[in-house]
There are 2 protein chains.
Amino acid sequence: MSSPSIPSRGRPPRLDRAKTVETALELLDDVGLEALTMRRLADRLGVQAGALYRHFTTKQDLLTAMAERMLGDVQASTGSEDWEGRLRALARAMRRVLLARRDGARVFGGTHSVGPHTLAFAESVLGVFREAGFKDEDAARALMTLVNFTLGHTLEEQAATMPREDGAPDEADRLRSAVLAGPYPHLTATVPVLTSTDFDAHFEFALDVHVEGLRRLRCGA
Amino acid sequence: MSSPSIPSRGRPPRLDRAKTVETALELLDDVGLEALTMRRLADRLGVQAGALYRHFTTKQDLLTAMAERMLGDVQASTGSEDWEGRLRALARAMRRVLLARRDGARVFGGTHSVGPHTLAFAESVLGVFREAGFKDEDAARALMTLVNFTLGHTLEEQAATMPREDGAPDEADRLRSAVLAGPYPHLTATVPVLTSTDFDAHFEFALDVHVEGLRRLRCGA
DNA sequence: ACCTGAACACCGTTCAAGT
DNA sequence: ACCTGAACACCGTTCAAGT
């Protein structure tokens, strides 16, 4: 088999987008977004940094491809549930794939992929809304809101669970001492919840609010 | 007056945190977050870059002070409205101050100030919820959700309205052509809304969903 | 005490030249 | 066609030395 199709003049390339993106995601998991540099990625690929620019026009282009690749891991929920159940499943799936990689939310939030995985996800969410009877305008805005809040939540979650260097106080600790030092009765009462690490509960709360609000808007107006 | 209080040995400082933060915010408006460097800021202050580290331990510390300063511009809505009206006013005020400066949302989102302005804002939102009868746990999570979605929205808004360099296609254009090139019926139907620049309408939709959802949760459970 | 000058250890990106 | 080698124009941060 392996038809030569286009007889590629010169040597076969040692790099390609797919393999580079895969390696970049592994490097991301190992060192985090801050330390993900073109030079370090080139090192891991056994290549010079400049070679990466044959396959990605900029670092931003690489990050966008990484975000697109991450979205490819969302499971298509073929469930025969109602629209609310299908919506919850899609939101949880998006959260899951972002949490699956170190700084995944920041990578996704810093890019705007229009690749097939990203569009397929948006298409699924829109399908749920439109088949549930939402107007096109509401469906589009409901998609934006859902992506927004899911991204925002995972951003906070990954920021809060970041491994802090020795000696530096936890973010929760900094908030606690600042709140207790000032005249903040409401914050004082709620700071245990605000610094809680039960992010599943926080996410499900936001998801409940969102779905509940959308249900009201579906019939009204 | 002007009591010498502590006789400051040596020359009076040419820099202080407040003035530096103010200048940094002006520089941000002029050049954007990407070009906001310690060297450029030092230049504008007539000082060497290293001098900034007498007043801010890191650039992150400076950015946090900038975010804190921005939150100081929220107007205290002393309105005698119901909890929903007060909540809407606070969310709109947060959106307003973030939109007031170039890349304001990204600066705020990349930091976690526990300064008085930030805490005062959180305290206000929590006050609305708790006085409306929300449980402490729900109030705390509703605050997180509100800040989340307001930040996420302004992040998207400022990303979409960024001045693009010549020749580079608009983000909306890229989305449009990608959608029309593939099998995406739902996206095709909604892409006019998704690429709409009526961000007020998008924000008010999300605010409606949020408030509507919270109203249901207040009594229930 | 506060700032300068200069360095350290990096960045992303470009591009002639090799193969 | 693809990659190397080397450079360009920067970064954030540190710190001896000056005043």
Side-chain angles (χ1 to χ4, degrees), chain A residues 2 4-21 23-24 27-28 30-67 103 106-107 110-111 162 165-168, chain B residues 4-21 23-24 27-28 30-67 103 106-107 110-111 165-168:
Chain A
S2 89
S5 57
I6 297 153
S8 62
R9 198 174 290 267
R11 278 196 300 293
R14 295 154 56 193
L15 249 44
D16 64 281
R17 281 182 69 98
K19 193 200 168 192
T20 305
V21 167
T23 307
L27 183 58
L28 180 70
D30 288 346
V31 302
L33 182 58
E34 231 74 23
L36 178 74
T37 68
M38 298 301 264
R39 284 167 213 262
R40 257 189 275 260
L41 175 57
D43 261 15
R44 191 169 282 217
L45 288 161
V47 106
Q48 293 292 318
L52 294 169
Y53 291 84
R54 282 285 127 193
H55 305 274
F56 302 90
T57 61
T58 59
K59 184 182 183 182
Q60 188 62 30
D61 185 27
L62 169 68
L63 289 168
T64 302
M66 290 167 69
D103 294 329
R106 272 164 73 198
V107 171
T111 59
M162 249 179 73
E165 41 261 36
D166 330 71
Chain B
S5 56
I6 297 156
S8 63
R9 199 175 289 266
R11 278 196 300 293
R14 295 155 55 195
L15 249 45
D16 64 282
R17 282 180 69 98
K19 192 198 168 193
T20 305
V21 167
T23 306
L27 182 59
L28 180 70
D30 288 346
V31 302
L33 181 58
E34 231 74 23
L36 177 74
T37 68
M38 297 302 264
R39 283 166 214 262
R40 258 189 274 258
L41 175 57
D43 261 14
R44 191 168 281 217
L45 288 161
V47 107
Q48 293 292 318
L52 293 169
Y53 291 84
R54 283 284 129 195
H55 305 274
F56 302 90
T57 61
T58 59
K59 183 182 184 181
Q60 187 63 31
D61 184 26
L62 169 68
L63 289 168
T64 302
M66 291 167 68
D103 294 330
R106 271 163 75 198
V107 170
T111 58
E165 41 261 37
D166 331 72

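Just so we're on the same page: letters track the sequence lines, and every chain starts at 1. Scope of the values below: all heavy atoms of this structure, side chains included, with no hydrogens, waters or symmetry mates.
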What is the separation between atom [atom1] on [X] and atom [atom2] on [N], rounded to the nearest whole Å?
X: Lys19(B); N: dC3(C); atom1: NZ; atom2: C1'; result: 14 Å
X: Leu15(B); N: dC3(C); atom1: CG; atom2: C1'; result: 9 Å
X: Leu62(B); N: dC11(D); atom1: CG; atom2: P; result: 15 Å
X: Asp61(B); N: dG12(D); atom1: CG; atom2: P; result: 14 Å
X: Glu34(A); N: dG12(C); atom1: CD; atom2: P; result: 12 Å
X: Arg54(A); N: dA17(C); atom1: CZ; atom2: C1'; result: 12 Å
X: Leu41(B); N: dT13(D); atom1: CG; atom2: P; result: 13 Å

*Looking only at heavy atoms, which two atoms of Ala24(B) and Leu62(B) are closest? And how far apart?*
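Shortest heavy-atom separation between Ala24(B) and Leu62(B) comes out as CB-CD1, 4.2 Å.
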*asked:* Can you work out whether Arg39(A) or Ala51(A) has the more 5'-proximal nearest nucleotide on DNA chain C?
replied: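 The residue mapped nearer the 5' terminus is Arg39(A).
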*Could you check Thr57(A) against Arg40(A) and say which one's nearest nucleotide on DNA chain C is further toward the 5' end?*
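Nearest-nucleotide comparison on DNA chain C picks Arg40(A).
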*Okay, side chain of Arg17(B), backbone of His55(B): is any donor-acceptor separation there less than 3.5 Å?*
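Yes; at least one donor-acceptor contact below 3.5 Å.
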Separation between [atom1] of [X] and [atom2] of [Y], rounded to the nearest 0.5 Å:
X: Thr20(B); Y: Arg14(B); atom1: OG1; atom2: CZ; answer: 11.0 Å
X: Asp43(B); Y: Leu27(B); atom1: CG; atom2: CG; answer: 9.5 Å
X: Met66(B); Y: Asp103(B); atom1: CE; atom2: CG; answer: 9.5 Å
X: Thr23(A); Y: Arg44(A); atom1: OG1; atom2: CZ; answer: 8.0 Å

*Excluding sequence neighbours, so at least two apart, what forms side-chain contact (heavy atoms from CB on, under 4.5 Å) with Arg54(B)?*
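Applying side-chain contact (heavy atoms from CB on, under 4.5 Å) to Arg54(B) gives none.
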Between [options], which nucleotide has the shortest distance from any of its atoms to the side chain of [X]?
X: His55(A); options: dC3(C), dC11(C), dC3(D); answer: dC3(D)
X: Arg14(B); options: dC3(D), dC11(C), dC3(C); answer: dC3(C)
X: Thr37(B); options: dT13(D), dG12(C), dG12(D); answer: dG12(D)
X: Lys59(A); options: dC3(C), dG12(C), dC3(D); answer: dG12(C)

*Pick the nucleotide of DNA chain D nearest each of Gln48(A) and Met38(B); which residue has the one closer to the 5' end?*
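The residue mapped nearer the 5' terminus is Gln48(A).
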*Please state the P separation for the pair dA9(D) and dA9(C) - nearest whole angstrom.*
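Each nucleotide's P atom is 23 Å from the other's.
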*Where does DNA chain D pair, written as one dot-bracket string 5' to 3', with Watson-Crick or G-U pairs under 3.5 Å, ( ) inside the strand, [ ] for crossing pairs and | for another strand?*
||.|||||...|||||.||
